[in-house]
Amino acid sequence: MAFAALLLTNCSSISKTSETKQLSNLKDVFKDDFLIGTAVNVNQIQETNPQLTEVEVTHFNAVTPENIMKAEVLQPEKGRYDFEMADQLVDLAKQRNMVVNAHALIWHSQLPDFVRRMKDADSVRHFFKDHITTVATRYKDKVYSWDVVNEALNEDGTMRKSIFLDKIGEDFVVEAFKLTQAVSPETKLYYNDYNIEQPKKRAGAIRLIKQIQAAGVRIDGVGIQGHWNVNNIPMKDIEDSILEFAALGVDVMFTELDISVLPNPLNESTADVGAHAEYDARMNPYAGGLPDSVQNKLANGYESLFRLFLKHKDKIGRVTLWGVSDADSWLNDWPVRGRTNYPLLFDRELKPKAAFHQLINIKKDVSSNQGTNHVQLK
Ligand code: G3I
């Protein structure tokens with residue numbers, strides 16, 4: 001892929017590292033296919049753990065802030081913005097030659113208290129416009145892309161009830177893209193959601209994308225979050241989604257990939273941060289370690305997914321893991337607090353897992369006649 005190649009040639013220190021470790025670095029192994037991203041938090045931005053830093057710079061060429069660019073962090077009080085961590089992140093990413101996918105401008109969750117307390121439409125509209133304009137302007141030449149709107153849909157494809165739907169109306173999604181485009185014309189603009197590979201919710205996302213396009217507003221991509229369970233990775237729905245979204249002329253991204261190995265105590269498959277269940281030891285079966293059988297199943301799940309991604313690499317711009325190591329995953333505390341999950345590619349000691357090795361190995365036997373990636377990330 002043109003953009004990924006540019007990244008490597010532009011940074012001599014990182015490219016030297018890459019050359020010496022060519023066959024074992026994720027970002028190099030997939031450099032002609034799609035960007036490989038990870039989520040980052042404060043400790044990673046402050047580089048508190050050198051071993052973690054080493055893994056990040058070795059394997060990833062894209063970062064998404066897991067929390068520090070959410071509205072409650074950037075604007076904790078009305079009109080008082082706190083850009084300290086976000087500024088550090090974009091500087092660090094630049095030094096490391098990584099692209100930043102900023103996350104997220106408009107999301108019903110993690111809103112500042114002052115917004116959640118708002119009763120009148122004018123106040124919500126003011127926050128909406130001011131927040132988007134201020135934040136997107138500040139980072140306009142510093143981030144590669146924005147998740148402009150996050151999780152606006154219900155499972156049946158209808159609009160999720162939120163303060164934005166309630167006070168601004170269905171047009172809030174189009175409006176958010178329009179405002180962002182106006183102040184940040186060069187930045188890629190994405191809609192991001194979980195379960196949008198599922199047919200009904202996918203239809204809702206397609207409807208939103210078409211609405212944005214019909215309004216003459218730019219949308220560059222759609223992010224399928226990819227919070228899946230090892231016992232239920234919906235491969236056919238994922239492939240159908242890649243094809244249907246790409247047919248709309250937008251890039252497809254897998255933006256928050258992780259695969260839970262634990263039982264799901266909820267009645268549905270969701271990544272709604274508001275969902276919770278009580279702790280129960282039966283729901284935490286691998287507190288003492290992950291059996292090989294499950295480790296292998298996880299590895300096979302990742303392998304199947306990446307084989308599918310490679311099959312459609314001409315439509316896929318980026319695959320981002322939602323964290324580096326199992327120790328840092330949100331899935332240790334969601335939807336049940338205090339469990340031990342194993343959803344990522346590196347273990348708690350930051351050692352690559354079987355899943356990692358299988359991903360590296362699949363490129364060895366993927367036919368070279370698939371051509372190069374046609375998605376132009378620039
Ligand atoms: O901010 C407090 C901090 O002051 C305190 O020290 C700490 C102690 O527990 O809690 C901190 O807040 C937590 C925050 O993560 C930062 O660690 C919140 O309680 C916790 O709810 C929050 O969880 C994040 C969640 O979004 C809500 O923002 C997860 O880390 C993050 O992985 C998750 O990410 C979302 C995506 O943004 C959207 N898609 C779904 C995905 C998973 O839910």
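In each ligand, atom 1 is the first atom listed, and ligand 1 is the first ligand listed.
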Query raised in the report: Near ligand 1, which protein residues have a heavy atom under 4.0 Å away?
Result: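 Near ligand 1, by chain and number: Glu66, Asn67, Lys70, His103, Trp107, Gln110, Asn150, Glu151, Gln225, His227, Glu256, Ala271, Val273, Trp322, Trp330.
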Query raised in the report: Say you draw a straight line from CZ of Arg339 to CG of Asp280; how long is it, rounded to the nearest 0.5 Å?
Result: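 Here the rounded value is 9.5 Å.
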Query raised in the report: Just checking, any donor-acceptor pair under 3.5 angstrom between side chains of Asn195 and Glu155?
Result: yes
Requested in this report: Name the orientation class of the two ring planes belonging to Trp228 and Phe254 (parallel below 30°, tilted from 30 to 60°, perpendicular beyond 60°).
Outcome: tilted
Requested in this report: Please write out which residues are connected to Val336 in a hydrophobic cluster, directly or through intermediates, given that two of Ile, Leu, Val, Met, Phe, Trp, Tyr count as joined at side-chain heavy-atom separations below 4.5 angstrom.
Outcome: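 Via sub-4.5 Å side-chain contacts, Val336 links to Tyr279.
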Query - Test side chain to side chain contact (heavy atoms under 4.5 Å, CB included) applied to Ala71 - qualifying residues, sequence neighbours left out - result: Leu111, Pro112, Phe127, His131
Give every donor-acceptor pair under 3.5 Å between a side-chain atom in residues 170-179 and any protein atom, sequence neighbours left out.
none

